[in-house]
Amino acid sequence: MKRLAPLLLAVLLLGGCVGLPGRTDPPPEFRLLAGNHQLARDPESPAAVWTHANVGSKIAAFGPIERTIAYTPVAHRFTADEADLTGHVHEYVAHAAKQNWMPMLIAAFTAPGTCPTVTAPTFDGLAKGLGTNKAIVVLEPRLLGGACTDSELVTRYLTGAVDRLRADAPNAFVFLDASVGGRSDEQAARLVAAGVARAAGVTVNVGGYTGIGELEPATRKLFDALSAATGRTDYFLLADSSRNGAAVGGSCNPIGAKIGTASMFSDQPGALQQAWLTVPGLSDGPCGAAPTSRTGEFVPDLALQMTG
């Protein structure tokens, strides 16, 4: 826990200073939570780190970010440049297990807009770090059907990832991503080729702003197409609801974007689950409501706009 210890201590100390939200009665134990009472908070999220660093400040954004973003359960993004991927993943999921939390991990090992170059060793490290712990794991958002034109390479890469995680991290809920969109039959064909029949389900809207009302009919068609192609009717459909609380135009820091539902689960086949897979306030690049920001930078003013 060397990496997490300072931040976890800050969380505990901060709770006494600014009123860290307390635990509530557990919700129904939906299958995707695997008996855990709630999703995991991420003490390493950019919003949490910024909040810890600004305790006691008079920055206008502090209160809204602390109340509505910093301690909301959210996925943690792991990248290929981790110095000790196995150790970091292990300590992260082990901490969540001690809290009876379900951790959410994003495996973003391929740089946006490129073809995958990292092979088995990276996923070996991820799988070893997970071990027998329970976790929701989203593989390579926006890679499938995305900018890489070598579809066979993408398929082999994702198939290998699914197989490795199934073998070495048997309690992980592994998700392939369909956030790029497209016709349901085309999406289903790509997902089947990438090994979805051996995965827990599919994610949509990762890093996006599309509202649930628009996502639900599209994902229902995708669910039906996958069921017809594979014979399975137990796929989970999980939408990133972190930034889709308002109708907006554009996909790069659109003006007027708001945070969405923190989490919503159902055991009904084909139902669209909701959770935060992106930290609100992370910039999409120098555009829209954050014209001078860098991609992936946490922008307090952008986060503040999303909480209003």
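Checking H52 against E66 by side-chain atom types alone, no donor-acceptor pair falls below 3.5 Å.
Taking the six-membered ring where the residue is Trp, the centroids of Y157 and F123 are separated by under 6.0 Å. For H76 and F78, the distance between ring centers is under 6.0 angstrom.
Remark: the backbone N or O of L158 is not paired with any side-chain donor or acceptor of E140 at under 3.5 angstrom. Checked by atom type and distance alone, the side chain of T261 never pairs as donor or acceptor with a backbone atom of S263 at under 3.5 Å. For the pair W276 (side chain) and G260 (backbone), a donor-acceptor distance under 3.5 Å is present. Within the 3.5 Å criterion, the main-chain N or O of A193 finds a donor-acceptor partner in the side chain of T159. At least one donor-acceptor pair under 3.5 Å links the side chain of S57 to the backbone N or O of N54. No side-chain donor-acceptor contact under 3.5 Å links T219 to the backbone of L222. Without hydrogens or angle criteria, N171 side chain to K134 main chain gives no donor-acceptor distance under 3.5 Å. Judged purely by atom type and a 3.5 angstrom limit, D42 has no side-chain atom pairing as donor or acceptor with the backbone of V74. Distance alone, capped at 3.5 Å, places no donor-acceptor pair between the D168 side chain and the L165 backbone.
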Review point. Checking side chain to side chain donor-acceptor pair (under 3.5 Å) for the pair D240/T278: CA distance, chi angles, key distance, verdict?
Key: CA-CA 7 Å; D240 183 356; T278 302; 2.6 Å; yes

Review point. Taking it one step at a time, do N205 and S179 satisfy side chain to side chain donor-acceptor pair (under 3.5 Å)?
Key: CA-CA 5 Å; N205 199 48; S179 294; over 6 Å; no

Check your understanding: Could you walk me through whether D177 and L143 pass the side chain to side chain contact (heavy atoms under 4.5 Å, CB included) check?
Key -> CA-CA 8 Å; D177 185 61; L143 176 61; over 6 Å; no

Practice item. Could you walk me through whether D84 and T86 pass side chain to side chain contact (heavy atoms under 4.5 Å, CB included), step by step? Key: CA-CA 6 Å; D84 179 13; T86 298; 4.3 Å; yes

Review point. Given the rule in the side chain to side chain contact (heavy atoms under 4.5 Å, CB included) test, do R31 and F236 qualify, once you have shown the distances and angles that lead to the verdict?
Key: CA-CA 10 Å; R31 287 187 301 132; F236 292 111; 3.7 Å; yes

Exercise for review: Give the C-alpha distance, both sets of side-chain angles, the deciding distance and a yes or no for side chain to side chain contact (heavy atoms under 4.5 Å, CB included) between V204 and L238.
Suggested key: CA-CA 6 Å; V204 296; L238 178 61; over 6 Å; no

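In plain terms, the two heavy atoms of I69 and P280 that are nearest each other are CD1-CB, 3.8 Å. Heavy atoms only, all atoms of each residue included: P291 and A289 are closest at CD-C, 3.5 Å. Annotation for L39 and A275: closest pair CD1-CB, 3.9 Å, computed over non-hydrogen atoms. Taking each heavy atom of G296 and L282 in turn, the nearest pair found is O-CD2, 3.5 Å. Residues G213 and P217 share a closest heavy-atom pair of O-CD, 3.2 Å. L191 and A178 make their closest contact through CD1-CB, 4.3 Å (heavy atoms, listed as atom of the first residue, atom of the second, distance).
Follow the hydrophobic side-chain contacts under 4.5 Å out from L237 and you reach V192 in the same cluster. Hydrophobic clustering keeps V180 apart from V202 (ILVMFWY residues linked when any side-chain heavy atoms are closer than 4.5 Å, directly or through intermediates). A single hydrophobic cluster is not seen to contain both I106 and Y209; linkage of ILVMFWY side chains at heavy-atom distances under 4.5 Å, directly or through other members, places them apart. Residues L33 and M104 fall within the same hydrophobic cluster, defined by Ile, Leu, Val, Met, Phe, Trp and Tyr side chains chained together at heavy-atom separations under 4.5 Å. Cluster annotation: L302 is not connected to L304 through the hydrophobic network of ILVMFWY side chains, with a link wherever side-chain heavy atoms come within less than 4.5 Å.
Proximity of M102 to I136: side-chain heavy atoms (C-beta onward) are separated by under 4.5 Å at one or more points. Annotation: side chain of P116 is in contact with side chain of L153 (closest heavy-atom distance under 4.5 Å). In this structure the side chain of L139 never reaches within 4.5 angstrom of the side chain of F175, judged on heavy atoms. S283 places none of its side-chain heavy atoms less than 4.5 Å from the side chain of T295. Side-chain contact between T122 and L126 is absent, with no heavy atoms from C-beta onward closer than 4.5 Å. Under the 4.5 Å side-chain criterion, counting only non-hydrogen atoms from C-beta, R243 is in contact with D284. Counting heavy atoms from C-beta on, the side chains of T210 and N244 never come closer than 4.5 Å.
Between W50 and F62, the angle of the ring planes lies from 30° to 60°, which puts this pair in the tilted group. Note on ring orientation: taking the six-membered ring where Trp is involved, the planes of Y235 and F223 are perpendicular (angle over 60°, cut-offs 30° and 60°).
Taking the charged nitrogens against the carboxylate oxygens, R164 and D124 do have a contact shorter than 4.0 Å, which makes a salt bridge. A salt bridge links D163 to R198: one of the charged nitrogens lies within less than 4.0 Å of a carboxylate oxygen.
Within a 6.0 Å radius of CD in E214, no more than 12 heavy atoms belonging to other residues, nucleotides or ligands are found. A 6.0 Å sphere centred on CZ of R166 holds no more than 12 heavy atoms belonging to other residues, nucleotides or ligands. Counting heavy-atom neighbours within 6.0 Å of K258 NZ, excluding the residue itself, gives a total above 12.
For the atom pair CD of E44 and OH of Y92, the computed distance is 6.5 Å after rounding to the nearest 0.5 Å. For the atom pair NE2 of H88 and CG of L105, the computed distance is 9.0 Å after rounding to the nearest 0.5 Å. Between the OG atom of S241 and the CD atom of Q274 there is a distance of 5.0 Å, given to the nearest 0.5 Å. Between atom OG1 of residue T72 and atom CZ of residue R67 there is a gap of 12.0 Å, rounded to the nearest 0.5 Å. Note that the CD atom of Q187 and the CG atom of L176 stand 12.0 Å from one another [nearest 0.5 Å]. Of the inter-residue distances, the one linking N253 atom CG with M306 atom CE reads 9.0 Å to the nearest 0.5 angstrom.
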